[in-house]
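Quantities reported herein were computed from a predicted structural model and do not represent experimental measurements. First listed ligand is number 1; within each ligand, the first listed atom is number 1.
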Amino acid sequence: MPERLAEETVASADRTVPCRVVVCRDCCCGTVKVDADHAAQTARLREIAPVRISECLDVCEQANVVVVQPSTAGRAAGARPVWLGLVNDRDATEDIADWVRAGGPGVAPRPDILDLYLIEPPRRTPTPS
Ligand code: FES
């Protein structure tokens with residue numbers, strides 16, 4: 001491979017962002033207000049994808065809130081971040097993990113079971129970067 005092409009290929013790969021997960025952990029999510037194993041949930045998701053812990057995402061009534069962010073390929077396919085609420089049990093976490101492992105929004109079809117957890121982002125959307 002010509003040296004310039006090799007450099008461009010590396011640069012292109014550097015711009016590729018995988019599917020990522022934002023886990024809210026603030027005043028409600030991740031606290032005793034929610035009956036869930038928060039540490040286990042975060043650890044499990046970290047086995048699958050990069051996870052960022054967020055401050056309050058302004059939908060506390062839906063705690064625990066998880067936002068699945070599309071990969072570069074998912075965004076190119078038109079996907080947007082998917083907000084999920086009441087993610088408080090191990091099965092829900094596993095369903096999210098399976099979807100993320102498969103490629104997440106825009107790459108893999110969302111498992112039907114996750115429709116139960118879909119929520120609307122708040123009108124003033126905090127940035128779950
Ligand atoms: S603490 Fe998670 S939405 Fe408020």
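For ligand 1, the atoms sitting less than 4.0 Å from at least one non-hydrogen atom of Cys24 are 1 (S), 2 (Fe), 3 (S), numbered in the order shown with element in parentheses. Here is the list of ligand 1 atoms found below 4.0 Å of a heavy atom in Asp58: 3 (S). Against a heavy-atom cut-off of under 4.0 Å, Val59 is close to the following atoms of ligand 1: 3 (S). Near Asp26, with a cut-off below 4.0 Å to any heavy atom, the atoms of ligand 1 are 1 (S).
Residue Cys28 does not count as close to atom 4 (Fe) of ligand 1, with no N, O or S atom under 2.8 Å. In summary, no N, O or S atom of Cys29 is located under 2.8 Å from atom 4 (Fe) of ligand 1. Within the 2.8 Å limit, Cys60 places no N, O or S atom next to atom 2 (Fe) of ligand 1.
Between Arg90 and Asp37 there is no salt bridge, since none of the side-chain N atoms of the basic residue sits less than 4.0 Å from a carboxylate O of the acidic one.
Judged by distance alone, the side chains of Arg25 and Thr31 never bring a donor and an acceptor atom under 3.5 Å apart.
Under the 4.5 Å side-chain heavy-atom criterion for ILVMFWY residues, a single connected hydrophobic cluster contains both Val59 and Val22. Leu45 and Val67 are not part of a single hydrophobic cluster, where members link through side-chain heavy atoms under 4.5 Å apart.
At a 4.0 Å cut-off, at least one heavy atom of Cys27 sits close enough to ligand 1 to count as contact.
Contacts between Asn64 and ligand 1 below 4.0 angstrom, taking non-hydrogen atoms only, are absent altogether.
Judged by distance alone, with hydrogens and angles left aside, the side-chain atoms of Trp83 form no donor-acceptor pair with the main-chain N or O of Leu118 at under 3.5 Å. The main-chain N or O of Asn64 is found under 3.5 Å from a side-chain atom of Asn88 such that the two form a donor-acceptor pair.
Annotation: Glu61, atom CD; neighbour count of heavy atoms from other residues, nucleotides and ligands within 6.0 Å is above 12.
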